[in-house]
Engineer: 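Please see the structure below; I have some questions.
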Amino acid sequence: MARAPGNRGEAASPWMAGLNPEQREAVEALDGPVLVLSGAGTGKTRVLTARLAQLLATGRAKPWEILSVTFTNKAAREMRDRIQSLIGPASEGLRWLGTFHSTSAMILRRHAELVGLKPSFTVLDTDDQIRLLKQVIEAENIDQKRWTPRFLASLIDGWKNRALTPEKVPAEESFLFANGKGAKLYATYQARLKILNCVDFGDLLLETISLFLKEPDLLAEYHDRFKYILVDEYQDTNVAQYLWLRLLARKRRNLCVVGDDDQSIYGWRGAEVDNILRFEHDFPGAKIVRLERNYRSTPHILAAASHLIAANQNRLGKTLWTDMSEGDRVLVRGVWDGEAEARLIADDIEQWRRLGRRYDESAVLVRASWQMRAFEERFLMLQIPYKVIGGPRFFERAEIRDAHAYLRLIRSPDDDLAFERIVNVPKRGIGDTSVQRIGAAARLAGVSLHTMSQQLMGSDELKGAARTGLARFIRQLDHWRQKALELPHTELAELILEESGYTDMLKADKNPQAASKLDNLKELVRSMGQFDTLAAYLEHIELVMDLDRAEEGDSVQILTLHAAKGLEWPLVFLPGWEEEVFPSRRALDDKGDKALEEERRLAYVGITRARESARISFAANRQIYGRWTSVLPSRFVDELPDGHVDAVSDTGYFNQGTGGAAERFAAYGPLSTQPGNGFGTGYESPGWKRAQAAAALGKVASGTVRGFGGPVIDGEAKLLARTGAGDAKYQLGQRIFHDKFGYGAVRHVEGSKLTIAFEKSGEKKVLDSFVRPA
DNA sequence: TCCGAGCCACTTTTT
DNA sequence: GTGGCTCGGA
């Protein structure tokens, strides 16, 4: 594969083919610091992979001498895939391609003793972190209601993002928690982590930095090792990551960072846009390449996004352009409520399908995950296949975490957090009091909970059910540890789940979710099979927190805007553009303009995901915390440019409305007198004026979009037609099961349409094809 | 020790 | 609407 150095036949290199002049420049500037400012859709990943290939082809570095860091596992995986298809097996040597966190973990495992850890340290996730903090707070006798572990966790995270160790926390920030105890609790927490041989996510970076600072010789070794460094999504790096990079790049300065300040959306995680804004200053003589030619979206989409983002003050500024032909304008639509919005989007998708397009060419991008549910319900009802990306993650589910706790306890008996988690799951008669008692004794003796439990068996400290239960549990642990030596780890996991009574517990559980929990556990065992050993499996999941999930064919994607970064679809839906939803209320409350600009960047990311059509929508009413609230269109709607947007609203609703929402809209002026065409005559907001203007010009064929917010019965009528009214398969009163809503009883039958009284979620209308007899 | 009723705060976004 | 937590009774 490797081309001899000096061979100039780049045209023959597959990775150089078709690059535009700027991209080529970014690929060929191999030495010294380089900043590639890469706008949305300008071929960033392409440049990065070509650059990697070029480094290898020119013989400047061997695969293992290149450090490539990305921000997310997904990005790392994609880069690996892309480079592999570009240069083939030579890519396998790219050992140092990963996220900041996984790379740090690799380095730390090699030198753990130097920072007071054992190489087998555990990486805690947020849940464990909070449980540990809870103990720390409890031990200080601080009121947990007033000062929540969650809040302390977020403070500590923030400090770690800024590379602040406990002693460096500014006094006034320490006062943000429990009257000045913040830094002290942070220090206690760090000490506990060391005792438990654990690190949290932030520590992975911080410990690596302190390792390098403490051991200059070691740092020098890594300087020799990493001849070239590539960083993706540089705009998302925080202070700790910046320091980490600066240490590693200090000697050779062969650092290439790629990013887009307009797509910096992780400020809440400590990302510093400043890192990218001052790259030139930090690395004098840096070469800067701007990629501005967009290959993804139509001019209207690009113009809408560019105009919106121009409202931000704090940016480097760039001008995206494309030579694509016109295409559709960005569509902005107002609807009555969240349900109507889901209906509208589902209808659009069905129409898209009728045009011969695929489901997976479309995506629904939401601000927050709670917004996903309306779409799931609608899609389920219409049998539109969909896939939620992100969402409640597999490894964060309680049953999976429980299973992992068992496995962790097999790996390291002294993992107290794991012990505590499952000592009474399933119930063994070991209640809080007993666990507290064991904990107190363990702390006094300076041993782990497991060790103390063994010792207590020889004493009369515990009585009755607690004693027998604990004795049995300890015996079982020993037994499983024995089995671990003989059985493959997947069989071990199955054995533990059986013998511990965990699966029996779920089988006996009447809750409708219990069945899916069992499925999840099966999935867990299956996925363990991808790894050779238990240790390898645990290592992987702690860091990656995700598995390659089986691709499930053609389906609509539902995901958050954050998760959408770096992806693209021909048809993109952007629902929920309402004040306090998007921009989110939190962002507005928190930090004023800075946060608002980040929300705007998020909107920019959203629009630029679309290749052919971007469809924004907002509702007049929304259920928030289970209460109906009337809401206003997002300010971002008003920031979209005339001429690139088609605005439509079904104002028929506002005529009939008698509730708060109608009044709120009425504040814009008199209500529409022309129900159906959708446009009133006296609205003041620019967005509405634009909508009006568009309608007047006949830009919007009202027939094509009218009625999308029609009364509920429309949707139902269609449903009936679609499934036909077959023989009634269900009897009144019959008990049934529904995948989403659980168990219920049939209340009413009308053809294939059933009214079911669900035990958990009340009365709903569903189609018989979605339920089965219970 | 366990379990249900009632109260509460809560929803960003991810390694 | 939800899920987590506390409290009181079995």
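Every chain is numbered from 1, with letters handed out A, B, ... down the list of sequences.
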Engineer: Using whole Å, report how far CG of A/D157 lies from P of B/dT14.
Structural biologist: 14 Å
Engineer: In whole angstrom, give the distance that lies between atom CZ of A/R162 and atom P of B/dT15.
Structural biologist: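 Interatomic distance, CZ of A/R162 to P of B/dT15: 22 Å.
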Engineer: Quick one: on DNA chain B, does A/D432 or A/H562 contact a more 5' nucleotide (nearest heavy atom)?
Structural biologist: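 Taking each residue's closest nucleotide, the earlier one in sequence belongs to A/D432.
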Engineer: Do A/K44 and A/D232 meet the salt-bridge criterion of a basic N to acidic O distance under 4.0 Å?
Structural biologist: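 Yes, A/D232 and A/K44 are salt-bridged.
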Engineer: Which listed nucleotide (B/dC3, B/dT13, C/dT2) is nearest to the side chain of A/R373?
Structural biologist: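 Side chain of A/R373 sits closest to C/dT2.
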Engineer: For A/F100 and B/dT15, say yes or no: do the ring centres fall under 5.5 Å of each other while the ring planes differ by less than 30°?
Structural biologist: no
Engineer: What is the distance, rounded to the nearest whole Å, between atom CG of A/L206 and atom C1' of B/dT15?
Structural biologist: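 For the pair A/L206 CG and B/dT15 C1', the rounded distance is 13 Å.
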Engineer: Considering only side-chain heavy atoms of A/K427, which listed nucleotide, B/dC2, B/dT13, B/dT12, is closest?
Structural biologist: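 For the A/K427 side chain, the nearest candidate turns out to be B/dC2.
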Engineer: Of all the nucleotides listed (B/dT15, B/dT14, B/dT12), which has the minimum atom distance to the side chain of A/R586?
Structural biologist: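 Nearest listed nucleotide: B/dT12.
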Engineer: Between A/W577 and A/F636, what is the ring plane arrangement, given parallel below 30°, perpendicular above 60°, and tilted in between?
Structural biologist: perpendicular
Engineer: For A/W268 and B/dT13, give me the distance from atom CH2 to atom P, rounded to whole Å.
Structural biologist: 8 Å
Engineer: Classify the side chain of A/R269 and the base of B/dT13 as holding, or not holding, a donor-acceptor pair under 3.5 Å.
Structural biologist: no
Engineer: Report yes if a side-chain nitrogen or oxygen of A/T433 is closer than 4.0 Å to either non-bridging phosphate oxygen (OP1 or OP2) of B/dT1; otherwise report no.
Structural biologist: yes
Engineer: Are A/T560 and B/dT14 close enough that a side-chain N or O sits under 4.0 Å from OP1 or OP2?
Structural biologist: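 It does, given that an N or O in the side chain of A/T560 lies less than 4.0 Å from OP1 or OP2 of B/dT14.
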Engineer: Rounded to whole angstrom units, what separation is found between the CD1 atom of A/I438 and the C1' atom of B/dT1?
Structural biologist: 14 Å
Engineer: Kindly compute the distance separating CG (A/N197) from OG1 (A/T122), expressed to the nearest 0.5 Å.
Structural biologist: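 Here the interatomic distance stands at 6.5 Å.
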Engineer: Rounded to the Å, how far apart are A/Q129 CD and B/dT14 C1'?
Structural biologist: 12 Å
Engineer: Using the side chain to side chain donor-acceptor pair (under 3.5 Å) rule, take A/W96 and A/T103 through it: C-alpha gap first, then chi angles, then the decisive distance, then the call.
Structural biologist: CA-CA 7 Å; A/W96 298 96; A/T103 307; over 6 Å; no
Engineer: Between B/dT15, B/dT13, C/dT6, which nucleotide has the shortest distance from any of its atoms to the side chain of A/T126?
Structural biologist: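 Closest nucleotide to the A/T126 side chain: B/dT15.
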Engineer: Counting only side-chain heavy atoms from C-beta out, which of B/dT15, B/dT1, B/dT12 sits nearest to A/H101?
Structural biologist: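 So the side chain of A/H101 is nearest to B/dT15.
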Engineer: Could you check whether the rings of A/F531 and A/Y537 sit parallel, tilted or perpendicular, using 30° and 60° as the cut-offs?
Structural biologist: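 It falls in the perpendicular class, over 60°.
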Engineer: Report the residue (A/G431 or A/L602) whose heavy-atom-nearest nucleotide on DNA chain B is the more 5′ of the two.
Structural biologist: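 By nearest-heavy-atom nucleotide position, the 5'-most residue is A/G431.
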Engineer: Please measure how far the P atom in B/dT13 lies from the corresponding atom in C/dG4, and state the result in whole Å.
Structural biologist: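 It works out to 15 Å between them.
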Engineer: Assign A/S102 to base, sugar-phosphate, or nothing according to its heavy-atom contacts below 4.0 angstrom with the strands shown.
Structural biologist: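 If one applies the 4.0 Å heavy-atom cut-off, A/S102 turns out to touch nothing in the nucleic acid.
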Engineer: Over how many whole Å does the gap from A/W628 atom CH2 to C/dG1 atom P extend?
Structural biologist: 11 Å
Engineer: What is the distance, to the nearest angstrom, from the CE atom on A/M505 to the P atom on B/dC2?
Structural biologist: 13 Å
Engineer: Report which part of the nucleic acid A/R150 touches: base, sugar-phosphate, or nothing (heavy-atom distance under 4.0 Å, all strands).
Structural biologist: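 Counting heavy atoms under 4.0 Å across all strands, the contact made by A/R150 is with sugar-phosphate only.
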Engineer: Determine whether a donor-acceptor pair (one donor, one acceptor, N or O, separation below 3.5 Å) exists between the side chain of A/R367 and the base of B/dT13.
Structural biologist: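 Indeed, a donor on one side and an acceptor on the other fall under 3.5 Å apart.
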Engineer: Before accepting this row, confirm whether a basic side-chain N of the pair A/D460/A/R467 lies closer than 4.0 Å to the acidic partner's carboxylate O.
Structural biologist: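 Yes.
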Engineer: If you look at every strand shown and take non-hydrogen atoms under 4.0 Å, does A/F71 touch a base, only sugar-phosphate, or nothing?
Structural biologist: sugar-phosphate
Engineer: Counting only side-chain heavy atoms from C-beta out, which of B/dT15, B/dT12, B/dC2 sits nearest to A/N73?
Structural biologist: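 My answer, after comparing the listed nucleotides, is B/dT15.
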Engineer: Within less than 4.0 Å of OP1 or OP2 of B/dT12, is there a side-chain N or O belonging to A/S369?
Structural biologist: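 The answer is no; no side-chain N or O of A/S369 sits under 4.0 Å from OP1 or OP2.
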